[in-house]
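This report refers to the structure that appears directly beneath it.
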Amino acid sequence: MGRLAIRVDGLGKQYRIQAVQQRYKTVRDSLMGAVRGLGARLRGDVDGAGRSEMIWALRDVSFEVGSGEVVGVIGLNGAGKSTLLRLLARITEPTVGRGEVHGRVGSLLEVGTGFHQELTGRENVYLSGVTLGMKTAEVARKFDEIVAFAEMAKFIDTPVKHYSSGMYTRLAFSVAAHLEPEILVVDEVLAVGDTRFQKKCLTKMSAAGYEGRTVLFVSHNMGTIARLCPRAMLLEGGRLVQDGPSNEVVSAYLHGGSGTTAVREFSEPPGGDIARLRVVRVRTGDGRIAQVIDVRQSVSIEMEYDVLQPGHQLLPQYQLYNEEGIHVCSLHDVDPTWRGRERPAGRWTTTVTIPANFLSEGMIFVRVILMALNPTIHQFSRSEVVAFRVVDSMEGDAARGDWTGTMEGIVRPMLPWTNELTESGESDVPGDDAKTGRRARG
Amino acid sequence: MPETALPVFHIGPTSGWRSLKLGEVWQARELLYFLTLSNIKVKYKQTLLGASWAIIQPFFTMVVFSLFFGRLAKMPSDGAPYPIFTFAALVPWTFFANGLTQSSESVVRIGNTVKRVYFPRLIIPLSSIMSGLVDFVLAFVVLLGMMLYYGIMPGLHVLWLPVFLLLALATALGAGFFLAALNVEYRDVRYVVPFLVQIWLFATPIAYPSSLLSEPWRTVYGLNPMAGVIEGFRWALLGTGVAPGPMLGVSAAGALLFLVVGTLYFRRVERTFADVV
């Protein structure tokens with residue numbers, strides 16, 4: 001590595017988060033709460049009010065980046081990636097630690113930074129360009145190139161509030177892609193636009209790298225990271241846990257523990273008088289225990305439990321949560337053999353199979369529940385007992401198709417699609433005998 | 001890239017009062033220009049009457065004041081016709097009051113940008129207030145028209161006018177910086193500002209002359225920097241009222257104090273803007 005571009009040492013950032021507030025029951029309570037809160041705030045004793053706590057979004061992070069390096073930053077949501085970029089871009093200050101940055105930093109933390117709805121495309125190109133750190137003369141010089149890149153020449157004097165979201169994004173990204181700071185920090189902005197425009201942007205970005213620019217690049221898309229960045233850093237819970245060649249780091253991330261497990265055995269089985277939970281396992285479609293599941297494969301979750309008292313109807317269930325804590329779905333045992341029937345005592349294994357091409361990419365955390373019915377008596381309910389990661393190898397045969405960017409949604413079904421050319425738009429192509437013939441007949 | 005000496009930026013926690021780093025603001029003057037320009041362009045978009053609002057506001061306040069304070073209450077006006085007496089005050093006042101209102105909301109309004117890119121934050125309220133200058137010029141033209149109508153020719157005093165405008169600017173900036181920064185953490189500011197502006201209006205000699213007060217109280221009155229600004233405007237344009245003296249001195253010192261305190265406070269709390277906005 002040649003010249004130094006970035007050096008940080010023991011960087012940490014603490015945030016205050018609002019803890020779950022007690023719900024006020026009466027006007028009097030809420031007024032009292034407001035007064036207490038105000039009093040506590042004025043005394044500077046925010047924690048004393050018991051309503052907020054401090055968390056470390058980033059902790060003890062140290063690394064160096066040489067000039068011209070393109071580095072990917074990966075990790076789960078909340079691992080501190082965005083915080084790190086913000087600190088480097090001087091948008092916010094660290095709580096502890098030091099760092100130095102050699103050269104101007106351009107931040108691309110979201111497209112459309114500095115855009116104003118009421119202004120025209122042209123006005124916004126200038127406003128956004130200058131906000132992102134360009135000189136007016138620089139914007140003027142690159143203006144035609146920016147507009148051409150965005151393929152927007154026709155609408156450049158229309159207020160952006162009349163743009164479609166695709167047009168807006170293209171123009172916004174085009175401005176950002178023409179930034180030429182020595183150091184560029186990019187957060188997930190490629191998660192926009194259509195595939196073709198996205199490829200264009202990737203080309204532009206890697207060109208930026210080849211011109212000797214230093215780039216720090218956050219993405220959830222491992223394919224993009226591996227393609228664009230020779231080096232990657234993995235953040236976990238605010239700490240830098242791995243830093244090295246991106247293929248190694250990416251594979252560590254995909255197979256990595258993150259403190260979760262595909263098998264959980266209980267030495268002291270939780271449960272009630274009727275049933276106790278012993279083991280929970282995650283298996284791939286072919287029966288292997290696995291933590292990483294290809295999106296094209298089915299996945300089975302099984303719970304093994306002891307039924308201590310015979311003569312009860314039981315309802316085993318799973319609840320799946322993604323890494324944002326969103327409840328993806330609840331799965332209830334509908335096995336016709338045992339529905340509505342009382343089960344004898346003994347060791348049971350209940351398995352559900354989730355079909356291939358159903359869950360989205362990302363971590364899935366499983367909650368395991370079992371209750372007795374009529375009357376309803378909860379036996380056990382354990383959250384985050386097991387977890388697995390759904391990955392897409394980006395070979396184009398899953399529900400993403402050829403799209404390699406971020407794909408939103410908590411499920412990702414593979415559905416039948418059809419296309420039909422209902423009216424040909426190529427009737428003017430010269431020398432097309434078939435068409436000419438048809439037109440002559442009609 | 002053939003750069004020889006790249007600028008080096010240091011990252012680290014700071015605490016307490018910080019230097020003003022006005023050099024940074026100067027370097028980002030192009031951004032100031034574009035933000036001001038877009039504020040101006042956006043201000044009257046999708047309004048029926050457009051920029052004439054810049055005139056309507058002070059003009060109708062003048063009409064109301066003339067009716068109630070001039071006609072009914074027979075408020076003295078230092079010998080000038082009451083309408084122009086109060087309009088000469090309302091023009092700088094409207095600039096100040098709108099500047100204060102706009103700037104106090106400015107940082108919160110573009111909070112999304114603040115979270116995503118670094119630039120000297122002082123530019124945000126600064127551009128809000130600068131964009132009010134266009135309105136000021138429009139209203140000022142109407143003021144000149146009224147002077148023509150009443151046959152008032154300003155003397156050489158008028159050369160002082162830029163000084164008074166600068167004082168109004170300094171006061172607006174100082175108070176605007178302070179309130180903009182405070183508003184980031186405490187949105188209560190948004191409810192306080194209209195109230196504050198109203199009280200401040202009556203605490204400033206707009207509907208009445210400061211000659212109602214005798215010395216030394218008039219000098220004490222100058223602690224409200226806008227009092228000095230308003231009396232200055234009247235003196236420079238209409239030739240009435242109080243010539244620059246102790247009261248103006250106090251007002252100038254007050255305006256400067258506002259500016260310094262407001263700027264220092266803004267700089268002190270701006271480090272957490274991106275976290276709390």
Side-chain angles (χ1 to χ4, degrees), chain A residues 3 5-6 8-9 11-13 15-16 41 67-68 86-110 112-120 123-124 126-137 139 159 180 182-183 187 211-213, chain B residues 1-15 18 21 24 27-47 109-121 123-124 127 184-186 188 267-277:
Chain A
R3 227 164 12 144
I6 301 170
V8 298
D9 193 16
L11 218 53
K13 175 78 181 175
Y15 277 110
R16 171 174 294 149
R41 268 199 109 120
S67 175
R86 280 185 184 187
L87 293 179
L88 292 177
R90 293 188 298 149
I91 293 165
T92 183
E93 277 185 2
T95 313
V96 294
R98 296 264 151 216
E100 56 187 81
V101 176
H102 298 254
R104 291 176 302 152
V105 181
S107 54
L108 222 58
L109 304 191
E110 188 176 293
T113 301
F115 264 48
H116 200 298
Q117 291 292 323
E118 299 284 345
L119 299 177
T120 67
E123 289 164 339
N124 269 310
Y126 276 92
L127 180 60
S128 173
V130 173
T131 305
L132 291 170
M134 283 195 241
K135 293 280 168 207
T136 318
V139 183
E180 283 179 359
E182 287 86 33
I183 298 165
D187 191 354
E211 281 164 24
R213 192 155 302 129
Chain B
M1 284 186 286
E3 286 98 334
T4 42
L6 292 175
V8 179
F9 302 104
H10 291 274
I11 299 169
T14 59
S15 63
R18 308 201 293 181
K21 284 204 183 157
E24 258 192 359
Q27 278 180 356
R29 61 192 177 279
E30 292 189 343
L31 178 58
L32 174 61
Y33 168 76
F34 277 104
L35 277 181
T36 308
L37 192 69
S38 65
N39 280 341
I40 293 169
K41 280 181 177 163
V42 166
K43 198 179 245 168
Y44 298 116
K45 279 262 163 84
Q46 235 172 24
T47 59
R109 198 172 44 224
I110 67 164
N112 258 331
T113 304
V114 169
K115 278 187 191 169
R116 294 182 189 359
V117 60
Y118 175 79
F119 54 85
R121 308 303 193 198
I123 282 188
I124 305 166
S127 71
V184 171
E185 186 146 17
Y186 303 99
D188 310 55
R267 286 285 298 157
R268 186 188 163 103
V269 300
E270 73 165 50
R271 76 192 87 180
T272 59
F273 278 2
D275 301 334
V276 294
V277 72

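All values reported here derive from a predicted model rather than from experimental measurement. Just so we're on the same page: letters track the sequence lines, and every chain starts at 1.
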So, using salt bridge (Lys or Arg N to Asp or Glu O under 4.0 Å) as the criterion, who are the partners of B:Glu30 when residues are at least two apart?
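For B:Glu30 there are no salt bridge (Lys or Arg N to Asp or Glu O under 4.0 Å) partners, ignoring immediate neighbours.
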Measuring from atom OG1 of A:Thr131 to atom CD1 of B:Ile110, what distance do you get when rounded to the nearest 0.5 angstrom?
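Going from OG1 on A:Thr131 over to CD1 on B:Ile110, the span is 7.5 Å.
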### Query
CD/B:Glu24 to CD1/B:Ile123 distance, rounded to the nearest 0.5 angstrom?
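Output value for this atom pair is 9.0 Å.
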For the side chain of [X] and the backbone of [Y], is there at least one donor-acceptor N/O pair under 3.5 Å apart?
X        : Y        : result
A:Glu93  : B:Pro13  : no
A:Asn124 : A:Leu119 : yes
B:Glu185 : B:Val276 : no

Is it the backbone or the side chain of [X] that comes under 4.5 Å from a heavy atom of chain B, or both, or neither?
X        : result
A:Glu118 : both
A:Arg90  : both
A:Lys13  : side chain
A:Val96  : backbone

Please classify the contact of [X] with chain A as side chain, backbone, both or neither, using a heavy-atom distance under 4.5 Å.
X        : answer
B:Thr14  : both
B:Leu31  : both
B:Leu35  : both
B:Phe119 : side chain

TODO: Only counting residues at least two apart or in another chain, list the ones meeting side chain to side chain donor-acceptor pair (under 3.5 Å) with B:Lys45.
DONE: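 Per chain and number, B:Lys45 pairs via side chain to side chain donor-acceptor pair (under 3.5 Å) with no residue.
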> Do you know which of B:Val42, B:Asp275, B:Thr272 has the most heavy-atom pairs under 4.5 Å to chain A?
Replying inline: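 Maximum pair count with chain A is reached by B:Asp275.
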